[in-house]
Amino acid sequence: MVKDTDASEDPNQGFQYHVELEEGDVANAVLLPGNPERLDKITPFWDDHEEVAYHREYRTATGTYEGTPISVTSTGIGSPSAAIALEELARVGADTFIRVGSCGALQPEMDVGDLVITSGGVRQEGTSKEYVREEYPAVADKEVVSALVAAAERLGHDYHVGLTMSADSFYTGQGRPGFEGFRALGSEDLVKELQDANVKNIEMEASALLTIANVYGLRAGAVCSVYANRVTGEFRTEGETKSAETASLAVKLLAKMDAVKEEAGVDHWHAGLSLE
């Protein structure tokens with residue numbers, strides 16, 4: 001697809017600099033994995049798809065899942081690049097975002113391959129602080145959380161719901177030793193501190209996405225596959241397709257929620273409204 005790259009310097013208009021997308025390229029709901037290669041694990045669950053852009057870490061495809069329009073854009077690693085993706089996708093019409101990633105579990109009963117559905121975030125990344133004061137909460141949209149839980153239940157995937165800590169560092173910021181065993185101040189106690197506070201998992205993007213989406217009045221949530229349990233030491237790259245399938249089905253359920261709300265003449269979906 002040939003794009004008009006002679007766009008205004010105003011980032012709110014037209015062709016978007018980083019994601020190389022414009023209005024009409026994406027659906028209202030966009031899945032946000034980190035790794036561009038993860039698109040190849042997500043789109044096989046869809047009815048059809050077309051890759052519409054690939055620039056830097058941002059690879060985008062748009063298609064349908066069981067008749068529902070859906071898109072996916074990879075964000076790369078970390079909150080700064082994820083925030084750019086959300087900003088530019090919102091500018092071209094997206095209003096619902098679901099992070100689809102991997103994480104480290106913090107509770108001993110959580111198994112590798114389980115899913116973690118984020119209800120809120122611990123903002124240990126710096127990106128969201130560029131938007132709003134530190135006391136502002138990182139909260140997942142309740143409709144997105146409900147759709148992800150319903151999807152996981154329907155698909156029979158084991159899952160956990162709770163708080164996610166988002167860090168800016170894979171090594172020292174997540175309590176791991178750095179180069180030649182370097183230890184950042186407090187890093188040796190980090191995992192235990194978070195575990196005691198009932199935080200479920202660690203990753204690197206969710207809290208920024210939730211915070212920014214709330215500031216802008218958009219819907220956002222996250223579902224991550226457990227690759228490692230930081231308490232037991234178990235590690236396997238497992239469950240990647242579970243999070244992809246769950247997030248895709250959640251988009252369909254969100255579309256159903258929106259249709260039910262419209263028919264009922266209400267602004268918010270609740271348990272008294274049926275999805276059947």
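Remark: side-chain polar atoms of Gln16 are paired, donor with acceptor, to backbone N or O of Gly14 under 3.5 angstrom. Formation of a donor-acceptor pair under 3.5 Å by the Lys129 side chain with backbone atoms of Arg123 is found in this model. Between the Asp168 side chain and the Gly126 main chain, a donor and an acceptor come within less than 3.5 Å of each other. Judged by distance alone, with hydrogens and angles left aside, the side-chain atoms of Thr60 form no donor-acceptor pair with the main-chain N or O of Val52 at under 3.5 Å. A side-chain donor-acceptor contact under 3.5 Å links Ser119 to the backbone of Gly162. Formation of a donor-acceptor pair under 3.5 Å by the Gln195 side chain with backbone atoms of Gln107 is not found in this model. With hydrogens and angles ignored, the 3.5 Å screen pairs a side-chain donor or acceptor of Ser71 with a backbone N or O of Ala27. A distance-only check finds a donor-acceptor pair linking the side chain of Arg176 to the backbone of Phe170 [under 3.5 Å]. Judged by distance alone, the side chain of Asn214 and the main-chain N or O of Thr211 form no donor-acceptor pair under 3.5 Å. The closest donor-acceptor contact from the side chain of Glu88 to the backbone of His18 lies under 3.5 Å.
Leu253 is connected to Leu115 through a chain of hydrophobic side-chain contacts under 4.5 Å among Ile, Leu, Val, Met, Phe, Trp and Tyr, so both are in one cluster. Taking hydrophobic clusters as Ile, Leu, Val, Met, Phe, Trp and Tyr residues chained together by side-chain heavy-atom distances below 4.5 Å, Tyr216 shares a cluster with Leu89. Neither Val116 nor Tyr227 shares a network with the other; the hydrophobic side chains, linked directly or stepwise wherever heavy atoms of I, L, V, M, F, W or Y lie under 4.5 Å apart, form separate groups for each. Hydrophobic clustering (ILVMFWY, side-chain heavy atoms < 4.5 Å, transitive): Leu86 and Val92 are in one cluster. Under the 4.5 Å side-chain contact rule for hydrophobic residues, Tyr54 and Tyr17 do not share a cluster.
Contact record, Ala83 with Ile212: CB-CD1, 3.6 Å, taken as the closest heavy-atom pair. Looking at every heavy atom in both residues, Gly67 comes nearest to Asp47 through N-OD2, 2.8 Å. The two residues Gly173 and Ser169 make their nearest non-hydrogen contact at N-OG, 3.1 Å. In plain terms, the two heavy atoms of Ser81 and Gly76 that are nearest each other are OG-C, 4.0 Å. For the pair Phe182 and Thr172, the tightest heavy-atom approach, listed with the atom from each and the gap, is CD2-CG2, 3.9 Å. The two residues Pro36 and Glu57 make their nearest non-hydrogen contact at CG-O, 3.6 Å.
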key: side chain to side chain contact (heavy atoms under 4.5 Å, CB included) between Val266 and Leu273, worked out   = CA-CA 10 Å; Val266 299; Leu273 299 173; 4.0 Å; yes
query = Do Glu125 and Ser166 pass the side-chain hydrogen bond (donor to acceptor under 3.5 Å, both in side chains) test, and can you show the C-alpha distance, the side-chain angles, and the key distance before you say yes or no?
reply = CA-CA 6 Å; Glu125 38 73 32; Ser166 298; 5.8 Å; no
task = Could you walk me through whether Thr62 and Asp25 pass side chain to side chain contact (heavy atoms under 4.5 Å, CB included), step by step?
result = CA-CA 7 Å; Thr62 293; Asp25 284 339; 5.6 Å; no
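The shortest side-chain heavy-atom distance between Ser248 and Ile70 falls under the 4.5 Å cut-off. Two residues are said to be in side-chain contact when any heavy atoms from C-beta on lie closer than 4.5 Å; Val26 and Val19 fail this criterion. Annotation: side chain of Thr118 is not in contact with side chain of Cys224 (no heavy-atom distance under 4.5 Å). At a threshold of 4.5 Å between non-hydrogen side-chain atoms, the residues Asn198 and Leu163 do not count as touching. Under the 4.5 Å side-chain criterion, counting only non-hydrogen atoms from C-beta, Cys103 is not in contact with Thr164. Proximity of Phe45 to Thr241: side-chain heavy atoms (C-beta onward) are separated by under 4.5 Å at one or more points. Using a 4.5 Å cut-off on side-chain heavy atoms (C-beta onward), Val226 and Asp111 make no contact. Using a 4.5 Å heavy-atom threshold, the side chains of Phe97 and Leu209 count as separate.
Remark: Ile202 CD1 to Leu194 CG distance equals 5.5 Å, nearest 0.5 Å. The distance from the OG1 atom of Thr43 to the CG atom of Asp48 is 10.5 Å, given to the nearest 0.5 Å. Distance CG/Leu106 to CD/Gln174: 9.0 Å, rounded to 0.5 Å. Of the inter-residue distances, the one linking Arg230 atom CZ with Asn201 atom CG reads 11.5 Å to the nearest 0.5 angstrom. Asn35 contributes atom CG, which lies 8.5 Å from atom NZ of Lys41 (distance to the nearest 0.5 angstrom). Remark: Thr75 OG1 to Leu32 CG distance equals 6.5 Å, nearest 0.5 Å.
Between Asp114 and Lys200 there is no salt bridge, since none of the side-chain N atoms of the basic residue sits less than 4.0 Å from a carboxylate O of the acidic one. Between Glu51 and Arg59 there is a salt bridge, with a side-chain nitrogen of the basic residue lying less than 4.0 Å from a carboxylate oxygen of the acidic one.
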Which atom pairs, donor and acceptor, lie under 3.5 Å between side-chain atoms of residues 183-191 and protein residues at least two apart or in another chain?
| residue | atom | partner | partner atom | Å |
| --- | --- | --- | --- | --- |
| Arg183 | NH1 | Gly175 | O | 2.8 |
| Ser187 | OG | Ala184 | N | 3.4 |
| Ser187 | OG | Ala184 | O | 2.9 |

Quiz: residues 145-158 side-chain donor-acceptor pairs under 3.5 angstrom, not counting sequence neighbours:
| residue | atom | partner | partner atom | Å |
| --- | --- | --- | --- | --- |
| Ser146 | OG | Lys142 | O | 2.9 |
| Glu153 | OE2 | Tyr159 | OH | 2.5 |
| His157 | NE2 | Glu245 | OE1 | 3.3 |

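When the shell of 6.0 Å around OH of Tyr171 is examined, it contains 12 or fewer heavy atoms from other residues, nucleotides or ligands. By the neighbour-count criterion of 12 heavy atoms within 6.0 Å, atom CD of Glu134 is sparsely surrounded, having that number or fewer from other residues, nucleotides or ligands.
Applying side-chain hydrogen bond (donor to acceptor under 3.5 Å, both in side chains) to Lys261 and the options His270, His268, Glu143 leaves one that passes, Glu143. Applying the side chain to side chain contact (heavy atoms under 4.5 Å, CB included) test between Ser243 and each of Ser102, Pro33, Ser225 identifies Ser225 as the sole match.
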